[in-house]
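Report on one structure; see the data block that follows.
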Amino acid sequence: MPPVLSDCAPLWTQVQELLAAGMRIHCLRDLTRGGLACALQELADAARVELAIEEARLPVAEPVARTCDLLGFEPLHLANEGRFVAVVPPQACAAARALLEAHGGAWIGSVRPAGGAGPRVLLRTALGTERLLVPLSGELLPRIC
């Protein structure tokens, strides 16, 4: 059994590195409440865009993935206190990725204009199909903060 580790971590170091590099940041969003799925849907709704996310690029720790499979949870709905999503212009993606990879960051997708379906988050699965990634309704796990 792997040791239980906290997901709490300060984010300022990564944000400061982006700012110090002169990075133009469209948006930063903490994943504490609702996890990545909720944060992405909120971003898509606010900007009136479609977010295309690559499931294979999502940095989900193996013990988390296994536990979620066992319990029937979607790991993208889990709160992550030590993670954030950053939206940067396409020309800044490589530089932002180079800075954030040292902290466990990854490029996970891109922004597209919303089509007739309106703002949404599409997840390209490992099988090559796409599915809607919707925010969780209700409460998955209680948080003590």
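Only this structure's heavy atoms are used, side chains among them; waters, hydrogens and symmetry mates stay out. Position 1 is the first residue of the sequence; numbering continues from there.
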Minimum heavy-atom distance between [X] and [Y], given as atom pair plus value:
| X | Y | value |
| --- | --- | --- |
| P119 | A114 | N-CB, 3.9 Å |
| R112 | L122 | NH2-CD1, 3.5 Å |
| V121 | A44 | CG2-CB, 4.2 Å |

Measuring from [X]:[atom1] to [Y]:[atom2], what's the distance to the nearest 0.5 Å?
| X | Y | atom1 | atom2 | result |
| --- | --- | --- | --- | --- |
| L40 | I53 | CG | CD1 | 5.0 Å |
| L78 | R83 | CG | CZ | 13.0 Å |
| L18 | L28 | CG | CG | 7.0 Å |
| S110 | E50 | OG | CD | 9.0 Å |
| L58 | L76 | CG | CG | 5.5 Å |
| L127 | E55 | CG | CD | 8.0 Å |

I'd like to check [X] versus [Y] (side-chain heavy atoms, cut-off strictly below 4.5 Å). Are they in contact?
| X | Y | value |
| --- | --- | --- |
| P59 | I108 | yes |
| L99 | M23 | yes |
| P113 | V49 | no |

query: What pairs with E17 under side chain to side chain donor-acceptor pair (under 3.5 Å), at least two apart in sequence or on another chain?
result: H103

message: Test side-chain contact (heavy atoms from CB on, under 4.5 Å) on L11 and D30; report intermediate values, then the result.
response: CA-CA 9 Å; L11 301 175; D30 179 294; 3.7 Å; yes

Determine yes or no for a side-chain-to-main-chain donor-acceptor pair under 3.5 angstrom, with [X] supplying the side chain and [Y] the backbone.
| X | Y | answer |
| --- | --- | --- |
| E54 | G109 | no |
| N80 | G82 | no |
| W12 | Q14 | no |
| T67 | P63 | yes |

task: Output, in order, the C-alpha distance, side-chain angles, deciding distance and verdict of side-chain contact (heavy atoms from CB on, under 4.5 Å) for F84 and L100.
output: CA-CA 11 Å; F84 67 94; L100 296 175; 4.1 Å; yes

message: I'd like to know if E74 and R131 make a salt bridge, using a cut-off of under 4.0 Å between side-chain N and carboxylate O.
response: yes

message: If you apply the rule side-chain contact (heavy atoms from CB on, under 4.5 Å), what do you find for I25 with L19, and how did you get there?
response: CA-CA 8 Å; I25 302 169; L19 295 173; 4.0 Å; yes

Return all side-chain donor-acceptor pairs below 3.5 angstrom for residues 86-97, not counting sequence neighbours, or 'none' if the list is empty.
none

- request: Could you give me the CA-CA distance, side-chain angles and deciding distance for L132 and R120, then say whether side-chain contact (heavy atoms from CB on, under 4.5 Å) is met?
  value: CA-CA 7 Å; L132 285 175; R120 62 187 182 163; 3.8 Å; yes

- prompt: Among the clusters formed by ILVMFWY side chains lying less than 4.5 Å apart, do V15 and W107 turn up in the same one?
  reply: no

